Number of protein chains: 2
Amino acid sequence: MKLSTKGRYAVMAMADLARFGGDRPVTLADIAARQEISLSYLEQLFARLRQGGLVTATRGPGGGYRLTRSPQETRVSDIILAVDEPIKTTRCDIASPKGCTGTQARCLTHDLWEELGHQIHVFLAGVSLADILEKRVLGRASVGAALPATGPVGTVSLGSSATS
Amino acid sequence: MKLSTKGRYAVMAMADLARFGGDRPVTLADIAARQEISLSYLEQLFARLRQGGLVTATRGPGGGYRLTRSPQETRVSDIILAVDEPIKTTRCDIASPKGCTGTQARCLTHDLWEELGHQIHVFLAGVSLADILEKRVLGRASVGAALPATGPVGTVSLGSSATS
DNA sequence: GATTTCCTGAGTGGATCAATCAAGAAATTG
DNA sequence: CAATTTCTTGATTGATCCACTCAGGAAATC
């Protein structure tokens, strides 16, 4: 899961769409004006969002974009994955442990980035556009709320090697 | 909390330092060879790590770098904060909500990025270099493990507006 | 004083970002 | 049909940052 300002713009635009899009589709020009994002840049973003099935488009006067699913069913993680490039695999990146067994001298930190990516993904997958509009985001727990607290900070806990 | 490959390199180098640095300091040339990072680039990173008080340097033959504190006391979040630039404040970024009240049409997503930054920071602050070396990272919970589970995915939870 | 090692600053090629420009296709309206 | 609206696509640009290189210097040891 890559985090860039591109993904942020996409989430901003989608939140705008969720808020102002009722029965009628919303124009990119409107979103551009409200969110202060360049229209042409929005066009690029929505091309990807459309390919990802997150929005549907209608052309001509009265047209615009609509959410494919409800704000409750539209997850932030899906938005970011739709607009951002698949993770670029430089060296031993999160996605591809090429020749990295983990115990070698290099790539001691492989597990760390993998787990961090997983944390981020789980958090963003748990937030919907409806959550954003109704401001149910602050103070939210991420994952593993059921794990017993076995220590102060250096808690030991080996578990599933989930890939984000 | 900015996440870049620069921060990753720094954590890799610090993990190497924690692993191979016993009583004697470790040479940047050794770290460069083991982690396959350019020596000059390492010099830039360690200049910042030194300014941040995370490592201490010794010059001359037999010299090198040492951890200022123990691997148990050296947190990943401190490493990343030391090498990465302070967050660049483009528009309404995580750090500075300039003129962004949150309920305006623009910047609906302010709380989301703030909470995500907080999540990432708490996770990385809970991982020490010792944890990395002993592979106590996978499957680790992030924060708020004590919160009651009040729902399936769209859990409502308003709380502290901590800034990372 | 020669070697080692840290220290500092300047500069470079490439990638990506955010944006612009330009052209076109579908749909509605008059 | 003609004009307008809106999406759709592709090419291109300026700026910025990343990862790195180069060059020179300062402290410490032998």
Side-chain angles (χ1 to χ4, degrees), chain A residues 2-13 17 21 24-33 35-52 54-68 80 83-93, chain B residues 2-13 17 21 24-33 35-68 80 82-93:
Chain A
K2 183 179 153 191
L3 289 175
S4 67
T5 54
K6 180 189 280 186
R8 291 223 273 252
Y9 278 117
V11 176
M12 283 171 61
L17 184 53
R24 304 188 54 77
V26 178
T27 284
L28 281 195
D30 287 352
I31 299 179
Q35 304 297 324
E36 298 182 0
I37 306 175
S38 122
L39 175 60
S40 295
Y41 195 42
L42 272 183
E43 284 169 345
Q44 291 177 34
L45 296 179
F46 273 80
R48 285 173 176 265
L49 292 171
R50 190 173 130 294
Q51 288 161 15
L54 289 162
V55 296
T56 54
T58 315
R59 292 204 253 202
Y65 283 94
R66 241 188 278 256
L67 288 179
T68 301
I80 294 180
V83 298
D84 271 328
E85 307 293 330
I87 295 176
K88 191 182 115 196
T89 159
T90 48
R91 275 164 199 264
C92 168
D93 214 323
Chain B
K2 184 178 153 193
L3 288 176
S4 67
T5 55
K6 180 190 279 187
R8 291 225 273 252
Y9 277 118
V11 176
M12 284 171 61
L17 184 52
R24 305 188 54 78
V26 178
T27 284
L28 281 193
D30 287 352
I31 300 179
Q35 303 298 324
E36 298 182 0
I37 307 175
S38 123
L39 175 59
S40 295
Y41 196 42
L42 272 183
E43 283 169 345
Q44 291 178 33
L45 296 180
F46 273 81
R48 286 173 175 266
L49 292 172
R50 195 175 71 75
Q51 288 163 15
L54 290 162
V55 296
T56 55
T58 315
R59 291 205 253 202
Y65 283 96
R66 242 187 278 257
L67 289 179
T68 301
I80 294 180
V83 299
D84 272 326
E85 308 291 331
I87 294 177
K88 191 181 115 198
T89 159
T90 47
R91 272 162 200 266
C92 166
D93 216 320

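Every heavy atom of this structure was used, including side-chain atoms; hydrogens, water molecules and symmetry mates were not. Naming convention: chains lettered A, B, ... in sequence-line order (proteins, then strands); numbering from 1 in each chain. In this text the structure is predicted, and so the values were computed from the model without any measurement.
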For side-chain contact (heavy atoms from CB on, under 4.5 Å), just list the numbers for Leu17(A) and Phe46(A), CA-CA rounded to whole Å, side-chain angles, deciding distance to a tenth of an Å, and then say yes or no. CA-CA 11 Å; Leu17(A) 184 53; Phe46(A) 273 80; 4.0 Å; yes
So [X], base contact, sugar-phosphate only, or nothing? Heavy-atom distance under 4.0 Å.
| X | value |
| --- | --- |
| Val83(A) | nothing |
| Val55(A) | nothing |
| Tyr65(A) | sugar-phosphate |

If I take atom [atom1] in residue [X] and atom [atom2] in nucleotide [N], what distance separates them, rounded to the nearest angstrom?
| X | N | atom1 | atom2 | result |
| --- | --- | --- | --- | --- |
| Leu45(A) | dC7(D) | CG | C1' | 15 Å |
| Lys6(B) | dC17(D) | NZ | P | 10 Å |
| Gln51(B) | dC7(C) | CD | P | 10 Å |
| Arg24(A) | dT28(C) | CZ | P | 12 Å |
| Arg59(A) | dA26(C) | CZ | P | 6 Å |
| Leu39(B) | dA23(D) | CG | C1' | 13 Å |
| Tyr41(A) | dC7(D) | OH | P | 18 Å |
| Arg48(A) | dT8(D) | CZ | P | 15 Å |

Do nucleotides 9-14 of chain C as a string where each nucleotide becomes B, S or -: B if the base has a protein heavy atom under 4.0 Å, S if just the sugar-phosphate does, - if no protein is that close. -B----
Is any side-chain nitrogen or oxygen of Arg50(B) closer than 4.0 Å to OP1 or OP2 of dC6(C)?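 Answer no for this pair, as no side-chain N or O of Arg50(B) is under 4.0 Å from OP1 or OP2.
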Within the structure, does a side-chain N or O atom of Ser38(A) lie under 4.0 Å from either OP1 or OP2 of dT20(C)?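 Yes, within the criterion.
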Pick the nucleotide of DNA chain C nearest each of Gly60(B) and Gly7(A); which residue has the one closer to the 5' end?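 Looking at DNA chain C, the more 5' nearest nucleotide goes with Gly60(B).
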Relative to the ring of Tyr9(B), is the ring of Tyr41(B) parallel (under 30°), tilted (30 to 60°) or perpendicular (over 60°)?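 Tyr41(B) and Tyr9(B): perpendicular rings.
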Mind checking whether Lys6(A) and Leu45(A) have side chains closer than 4.5 Å, heavy atoms only?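 Sidechains of Leu45(A) and Lys6(A): in contact.
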Has the side chain of Thr58(A) got a donor or acceptor atom that lies under 3.5 Å from a matching backbone atom of Gly63(A)?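 Not at all, since once roles are kept as given, no pair shorter than 3.5 Å links the two residues.
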Can you list everything that forms a side-chain contact (heavy atoms from CB on, under 4.5 Å) with Arg59(A)? Sequence neighbours excluded, please.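 If we apply the side-chain contact (heavy atoms from CB on, under 4.5 Å) test to Arg59(A), skipping adjacent residues, there are no hits.
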Taking all non-hydrogen atoms of both residues into account, name the closest pair between Ala82(B) and Leu49(B) and its distance.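 What the structure gives for the nearest pair is CB-CD2, 4.0 Å.
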Rounded to the nearest 0.5 Å, how far does CD1 of Ile31(B) lie from CG of Leu42(B)?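 Rounded to the nearest 0.5 Å, the CG-CD1 separation comes to 6.5 Å.
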